[in-house]
Amino acid sequence: TAPKEQAEREMDIDLLNPDAREERSKHKLKRMIQSPNSFFMDVKCPGCLQITTVYSHAQTVVLCGNCNAMLCQPTGGLARLTE
């Protein structure tokens with residue numbers, strides 16, 4: 001009867017369908033499907049409306065190619081977009 005009792009037990013968490021919030025908070029290598037935290041984004045310059053591709057974790061100030069307006073400034077992690 002011992003094997004039957006173990007088979008009838010249920011898990012506390014569903015391993016096949018993890019909660020999206022829990023997966024996002026895990027380290028990028030500890031997720032069920034490994035995925036990076038960084039991404040590229042298209043930022044439109046408020047002055048000349050030119051679109052520039054910016055890395056989400058940029059470590060330097062990103063300036064617009066046309067008008068030299070500052071598009072984002074670095075922080076410790078994600079770059080902060082300027083308005």
Side-chain angles (χ1 to χ4, degrees):
T1 60
K4 269 189 183 178
E5 290 175 12
Q6 286 181 347
E8 291 176 4
R9 275 193 210 169
E10 291 188 22
M11 297 282 294
D12 291 334
I13 57 173
D14 186 5
L15 295 176
L16 293 178
N17 303 308
D19 186 33
R21 280 181 274 154
E22 290 178 14
E23 282 290 303
R24 185 69 186 144
S25 66
K26 287 184 181 179
H27 187 269
K28 63 184 180 180
L29 297 177
K30 300 287 184 181
R31 295 182 189 138
M32 184 178 287
I33 299 173
Q34 296 178 3
S35 61
N37 294 329
S38 57
F39 51 92
F40 289 93
M41 52 191 165
D42 288 334
V43 178
K44 188 182 288 188
C45 176
C48 64
L49 302 180
Q50 179 184 2
I51 295 176
T52 306
T53 303
V54 177
Y55 185 58
S56 63
H57 290 67
Q59 295 181 348
T60 61
V61 173
V62 178
L63 301 174
C64 176
N66 271 354
C67 62
N68 268 356
M70 185 169 59
L71 298 177
C72 74
Q73 57 191 26
T75 61
L78 286 172
R80 181 178 307 136
L81 296 176
T82 56
E83 296 180 21

dist H27:NE2 -> Q34:CD (nearest 0.5 Å) comes out at 9.5 Å
Nearest heavy-atom approach of R31 to P36 is NH1-O, 4.3 Å
If you look at every heavy atom in L71 and C45, which pair is closest and at what distance?
-> CD2-CA, 3.8 Å
May I ask you to test the R24-N37 pair for a side-chain heavy-atom distance under 4.5 Å?
-> yes
Shortest non-hydrogen contact between L63 and M70, atoms and distance | CD2-CA, 3.7 Å
With P74, which of T60, V61, V62 fulfils side chain to side chain contact (heavy atoms under 4.5 Å, CB included)?
-> V61
Separation between CG (L29) and OG (S35), nearest 0.5 Å, reads 9.5 Å
Non-hydrogen atoms of Y55 and A79 that approach each other most closely = O-CB, 4.5 Å
Value rounded to 0.5 Å, distance of CG in L78 from NE2 in H57 = 4.5 Å
Shortest non-hydrogen contact from C72 to T82?
-> N-OG1, 4.1 Å
Note: E23 and M32 closest approach over all heavy atoms is OE1-N, 3.0 Å
Shared ILVMFWY cluster between L81 and F39, side chains joined below 4.5 angstrom?
-> yes
With rounding to the nearest 0.5 Å, note down the distance linking NZ in K44 to OG1 in T52.
-> 11.5 Å
